[in-house]
Amino acid sequence: MSKPFDFPKCLKRNTFHYCPGCHHGIVHRLICEVIDELNLKDKTIGLASIGCSCFLYFYIDVDILEAPHGRACSVATGIKRMRPDLFVFTYQGDGDFSAIGLGDSIHAASRGEKITAIMINNTVYGMTGGQVSPTTLLYQKTTTTPLGRDPQREGYPLKVAEILATFEAVAFCARSAVNNPKRVKETKNYLKKAFKAQLENKGFSYVEILSSCPVNWRMDAVSANYHVDKLTEVYPLGIFKELPPKK
Amino acid sequence: MKIKILEERCKGCGLCIEFCPKRALVLSDRRNLLGYKVVGWNSPEKCNQCGICYLMCPEVVFVREEDFEE
């Protein structure tokens, strides 16, 4: 167990490039803590996506590969099939996982690839300047929907965790947030369960983490943190599917 | 155990100040190399090392002092 105030062993001591108040840093730290606790540092390969998270190799001290936009689950499939002894996880944003890479992600899940996908859902394309993404809330203002997301024109928010929970080959599927201490601890618990599902060879595991994007939501860090509570009204938190342990 | 605040990592987002149950932290007037105002102690004697600032900090600013001795 890692204790409070322990700097995780596999987190490099570089300063994060994320905007003030962005939740990426919390999730990076949680992933490092879980990798440390499960002692996976020497056999982990991470897949970074395109987006704010593309500098993952600069912060996490495990082998990180950079996948083309949206293709992290496909690249992870190749690695895991060639080297089943390794632990493979992807770290993607909502634009990467649920817009450009939706086909790759859904098919990797439905094939039951033994990988772990972590999706950071902040409801906008963060890196490119806050454009509308499939998970944008209804009537939310973004740079490409200046009058708010109209369901007649841009459709309704895509609930990826609920979709993946209906697949037979998915072993673990959960959604959480990191905007208060309780949820941070829950998220760590979910990440651990997802990592263990892969280690026990049960199938595809998926954790979606609601995150804030203060700059593109045009808010300060603290009010963006509380605005995540509004996201949870549309995207309920919890475990949607969990296979029992193998006998 | 003594807690060290890594000021060069801090971006002054204020999440630790918001969630500190003892109100032991405050945004100081000092700036770091990147130009952000950094978090500092309001009343260090109130701190009971609950670890909530560590949980909520996106930049891993709060660490054990013995791990970061120069």
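Each chain gets a letter, A, B and so on, in the order the sequences are listed, and its residues count up from 1. This is a predicted model, so every value here is computed, not measured. FYI, side chains are in, hydrogens and waters are out, and symmetry mates aren't considered; it's all heavy atoms of this structure.
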Return the minimal non-hydrogen interatomic distance between [X] and [Y], and the atom names on each side.
{"X": "A:Asn180", "Y": "B:Met56", "value": "C-SD, 3.6 Å"}
{"X": "A:Ala221", "Y": "B:Cys13", "value": "CB-O, 3.5 Å"}
{"X": "B:Ile52", "Y": "A:Pro181", "value": "CG2-CG, 3.8 Å"}
{"X": "B:Gly51", "Y": "A:Pro4", "value": "CA-CB, 4.0 Å"}

Measure [X] against the heavy atoms of chain B and call it side chain, backbone, both or neither at under 4.5 Å.
{"X": "A:Tyr59", "result": "neither"}
{"X": "A:Asp220", "result": "neither"}
{"X": "A:Val184", "result": "side chain"}
{"X": "A:Leu11", "result": "side chain"}
{"X": "A:Lys185", "result": "side chain"}
{"X": "A:Val178", "result": "backbone"}

Flag side-chain contact, heavy atom, 4.5 Å: [X] against [Y]:
{"X": "B:Asp67", "Y": "A:Asp6", "result": "yes"}
{"X": "B:Val60", "Y": "A:Arg13", "result": "no"}
{"X": "A:Thr15", "Y": "B:Glu8", "result": "no"}

Nearest-0.5 Å distance, CG of residue B:Leu55 to CZ of residue A:Arg29: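 So the CG of B:Leu55 and the CZ of A:Arg29 are separated by 6.0 Å.
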Atom pair CZ/CZ of A:Phe5 and B:Arg64 - distance to nearest 0.5 Å: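 Here the rounded value is 8.5 Å.
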Contact class of B:Cys57 relative to chain A, heavy atoms under 4.5 angstrom: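 Just the backbone, heavy atoms under 4.5 Å.
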Contacting moiety of B:Phe19, where chain A heavy atoms sit under 4.5 Å: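 Contact with chain A involves the side chain of B:Phe19 alone.
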Parallel, tilted or perpendicular: ring planes of B:Phe68 versus A:Phe7, cut at 30 and 60 degrees: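 Correct class here is perpendicular.
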Expected output: side-chain A:Tyr18 to main-chain B:Glu59 donor-acceptor under 3.5 Å: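 Pair absent, no side-chain N/O of A:Tyr18 close to backbone of B:Glu59.
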Any donor-acceptor N/O pair, B:Lys11 side chain to A:Phe16 backbone, under 3.5 Å: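 Present.
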CZ (A:Phe58) with more than 12 external heavy atoms under 6.0 Å: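 Count not over threshold, so no.
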Exceeds 12 heavy-atom contacts within 6.0 angstrom, atom NZ of A:Lys196: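 No, NZ of A:Lys196 has 12 or fewer neighbouring heavy atoms, counting only those of other groups under 6.0 Å.
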Chain A interface, residue from B:Leu6, B:Ile17, B:Val63 that has the most non-hydrogen pairs under 4.5 Å: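 Counting heavy-atom pairs under 4.5 Å, the top option is B:Val63.
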